[in-house]
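Basis for what follows: all heavy atoms, side chains included, without hydrogens, waters or symmetry-related copies. Below, chain A is the first sequence line, B the second, and so on; all start at residue 1.
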Amino acid sequence: MKVNYKPVLTRFFSDPNSHRLNFYLQNGGYKQAKRVLTEMKPEEVIDFIKKSNLRGRGGAGFSTGMKWSFIPKNLGKDIYLVCNADESEPGTFKDRILIENDPHALIEGIIIASYAIGAKKSFIYIRGEFVEQYKILNNAIQESYVSGYLGKNVCGTNYSLDIILHRGAGAYICGEETALLSSLEGKRGYPRIKPPFPAIKGLYESPTIVNNVETLVTVKHIFENGIEWFTSIGTPKSPGPKLYCLSGHVKKPGLYELPLGMQLKDLVFDYGGGVKNDLRVKGVIPGGSSSGVLKDDELDIIMDFESLMAKGMILGTASVIVLNENVCMVDALWNIARFYHHESCGQCTPCREGSGWIEKLLERIERGHGTKDDLKIMSEIAKNMVGRTICVLADALAIPVEHFVKRYFNEFEAHILHKGCPNRQLAASNT
Amino acid sequence: MTFDQRIKEALDKYPTKNSALLPILYILQEKYGTISQIAIEEAAKWTDSSPAFVYGVFSFYTFYKREDEGKYRIWVCSTISCSVCGCKSLYEQIKNYLNLNGVTTTPDGLFTLKKAECLGACEIAPVVQFEDEYIGNADIETIKNKIELIRTNESKL
Ligand SMILES: Cc1cc2nc3c(=O)[nH]c(=O)nc-3n(C[C@H](O)[C@H](O)[C@H](O)COP(=O)(O)O)c2cc1C
Ligand code: SF4
Ligand code: FES
């Protein structure tokens, strides 16, 4: 079933000028920043976002207002806001499209958030591969400086803010917030042990808030449309609109702005048009490659943070990847394992070694050399990766391992019994 | 602006010198074509650190150009969404077209073919990053045309 919802975040995206300052100003741009800076105290801004119950769109779903309120008061240190535009969770492309089409909404969100936490400098960490998007964003930032929306006396107030656009250089792990800060300091992108959390000790050991692109864009729209608008969308615990990414074997892949709490099957069939070539669904990954997998008879699940958590999965980035009936699930999981092994930063033994062994075991099973014990060993390794590492990249592999093996156990077993992939010519990826 | 001026500007932006290391490496990559030993030593000088430290940072990141890389990179996304949309056969076709046998760079030093991890454009899978440009719904014909265009232009240089 399609729902009755009018897009807000993406409403101008069909206009080729939507990324330009003039276009943005004609459509009410920077009015909210100006209003917030002149009429509200920072604490009031934080309270407002707390009341909206906005939850971070970067993957973990933590309350944005709550996070902002963790910044210690009167510490005498500089405070930083860092926008996470490293977008690299497989299946995810929403932040890229937001930056291409509406960079000024991001800048306005950053102004509001920086003001709320008391930051005078903020950073946007954009992944290195996004060369075109870097240029668009860089242009937008220059435009805003020239027109007085950034720099000294933002919007004519006595608040000043600089934005530094910083390019990453190809490392998935730099999306993890503490790794991102290490990288921003010009080091290897190594995650750091938490606590201390960045809000207490972040960039240059100063209080720092890291927020995702979509989160900050949403902040701007909450101010523009009000808390009532925001909380009337979605579910009570997961309110607001969400950008869903659809990819894989779906007829109409792309970005869909819809309320949180959609039924997964409506996304796949009513919006995505169902499976390409009218094949059947074998599985759907609900929220990026680390989120788990659901079988065709489980697609009535509600896409919010709680419902997926109840299944031992995560909503993650709400990036839906559709796998058709011809996909070899051993091969798919091998592909996912290869990714996390490749991207492990290597600091923690369970992650570095565990992800490597899981990749090897899956390769062996897919190639027909698997033994009966392999599945047990693999699940053991996955279990031992959870909760024992500096960051949750290890969990990001353990979750799909658990769910792929549990849901497609017969297929994994068949590979071992028949010494190879029954579908070899269909298997798509690794070898 | 000269390269030195751009580096100074980058240094001015950040609260610490070391924070400018990634941007400085990008600027030096433009200057030297790849991140060579000379580039590393120069970056170390600008940021008051050691070449060993800079090398350690540089080698962590995949997006900088290594010295053994060709002039143009062809990166075929091989992660899950692209994988189920046929990136494997596309990769093989490009590999055959470039005649790469057991190597990743063509003998003339023009092209380097590599598998990439999710490029954040899965809605247009399979995706190829051709130098800085994303090519969505990529097929061998499009890639062949790009390769030939570059070959023609390079032969005129
Ligand atoms: C391995 C790993 C990769 C991550 N990658 C990203 C990313 O690319 N973009 C992002 O916004 N958050 C990413 N996150 C989540 C961040 O650590 C952080 O929670 C988020 O940026 C906070 O923003 P939010 O509160 O607005 O969601 C990643 C986390 C992990 C563990
Ligand atoms: S869990 Fe993995 S990626 Fe995270 S810090 Fe440890 S080794 Fe690095
Ligand atoms: S999986 Fe290829 S771009 Fe995301």
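- For a residue to count as touching a neighbouring chain, one of its non-hydrogen atoms must lie under 4.5 Å from one of that chain's; by this rule Y91(B) does not touch chain A.
- Comparing Y61(B), Y64(B), W75(B) by how many heavy-atom pairs each has under 4.5 Å with chain A, the most go to Y61(B).
- For F123(A), the part sitting under 4.5 Å from any heavy atom of chain B is the side chain, from C-beta outward, and nothing else.
- Within the 4.5 Å cutoff, no side-chain heavy atoms of D78(A) are placed close to those of K121(A).
- Options A171(A), G254(A), G189(A) differ in how many heavy-atom pairs under 4.5 Å they form with chain B, and the most are formed by G189(A).
- Taking the ring centroids of H166(A) and Y125(A), they lie under the 6.0 Å cut-off.
- Contacts between Y134(A) and chain B at a heavy-atom distance below 4.5 Å are absent for every atom of the residue.
- Heavy atoms closer than 4.5 Å to chain B are found nowhere in E132(A), neither backbone nor side chain.
- Looking at heavy atoms from C-beta onward, L98(B) lies out of side-chain contact with N96(B) at the 4.5 angstrom threshold.
- Heavy-atom distances place both the backbone and the side chain of F339(A) under 4.5 Å from chain B.
- Comment: E42(B) engages K31(B) in a salt bridge, judged by a side-chain N to carboxylate O separation of less than 4.0 angstrom.
- Residue F58(B) does not touch chain A at all, counting heavy-atom pairs closer than 4.5 Å.
- Only the side chain of S289(A) comes within less than 4.5 Å of a heavy atom in chain B; its backbone stays farther off.
- The residues K65(B) and E131(B) are annotated as salt-bridged, a charged nitrogen and a carboxylate oxygen being separated by less than 4.0 angstrom.
- With respect to chain A, the highest number of heavy-atom pairs below 4.5 Å among G56(B), S59(B), A116(B), S49(B) belongs to G56(B).
- When G186(A), G248(A), A169(A) are compared by the number of non-hydrogen pairs under 4.5 Å with chain B, A169(A) comes out ahead.
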**Request:** Show your reasoning for whether salt bridge (Lys or Arg N to Asp or Glu O under 4.0 Å) applies to K146(B) and E133(B).
**Result:** CA-CA 11 Å; K146(B) 291 226 123 215; E133(B) 183 195 350; 2.6 Å; yes

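- When side chains are defined from C-beta on, E89(A) counts as touching S290(A), because their heavy atoms get closer than 4.5 Å.
- Heavy-atom distances place the side chain of L22(B), and not its backbone, under 4.5 Å from chain A.
- Interface residue K276(A): only side-chain heavy atoms are found under 4.5 Å from chain B.
- For chain B, the option among E343(A), K94(A), H249(A), E87(A) with the highest count of heavy-atom pairs below 4.5 Å is H249(A).
- Proximity to chain B (any heavy atom under 4.5 Å) is shown, for R167(A), by both the backbone and the side chain.
- For the set L21(B), V54(B), N18(B), the count of heavy-atom pairs under 4.5 angstrom toward chain A peaks at N18(B).
- Of the listed residues G128(A), C345(A), G346(A), the one with more heavy-atom pairs under 4.5 angstrom with chain B than any other is G128(A).
- Contacts of L255(A) with chain B are absent, with no heavy-atom separation under 4.5 Å from either backbone or side chain.
- Under the 4.0 Å criterion applied to side-chain N and carboxylate O atoms, E100(A) and R96(A) are assigned as salt-bridge partners.
- Taking the side chain as every heavy atom from C-beta outward, F3(B) and L28(B) never approach each other to under 4.5 Å.
- Listed options A20(B), A121(B), A10(B), C82(B) were ranked by heavy-atom pairs under 4.5 angstrom with chain A; first place goes to A121(B).
- For the pair C87(B) and C77(B), the minimum side-chain heavy-atom distance is 4.5 Å or more.
- When ring centroids are compared, Y80(A) and Y204(A) come within the 6.0 Å threshold.
- Only the side chain of I97(A) has a heavy atom closer than 4.5 Å to any heavy atom of chain B.
- Within the 4.5 angstrom heavy-atom criterion, no atom of S319(A) approaches chain B.
- Ion pairing between a basic and an acidic side chain is recognised when a charged N comes within 4.0 Å of a carboxylate O; R338(A) and E363(A) show no such pairing.
- Neither the backbone nor the side chain of A125(B) comes within contact range of chain A; no heavy atom of the residue lies under 4.5 Å from a heavy atom of that chain.
- V275(A) places none of its side-chain heavy atoms less than 4.5 Å from the side chain of K251(A).
- Taking a cutoff of 4.0 Å between a charged side-chain nitrogen and a carboxylate oxygen, E9(B) and K13(B) do not qualify as a salt bridge.
- For a residue to count as touching a neighbouring chain, one of its non-hydrogen atoms must lie under 4.5 Å from one of that chain's; by this rule Q129(B) touches chain A with the side chain only.
- Between chain A and the residues I124(B), L25(B), T16(B), I24(B), the most heavy-atom pairs under 4.5 angstrom are made by T16(B).
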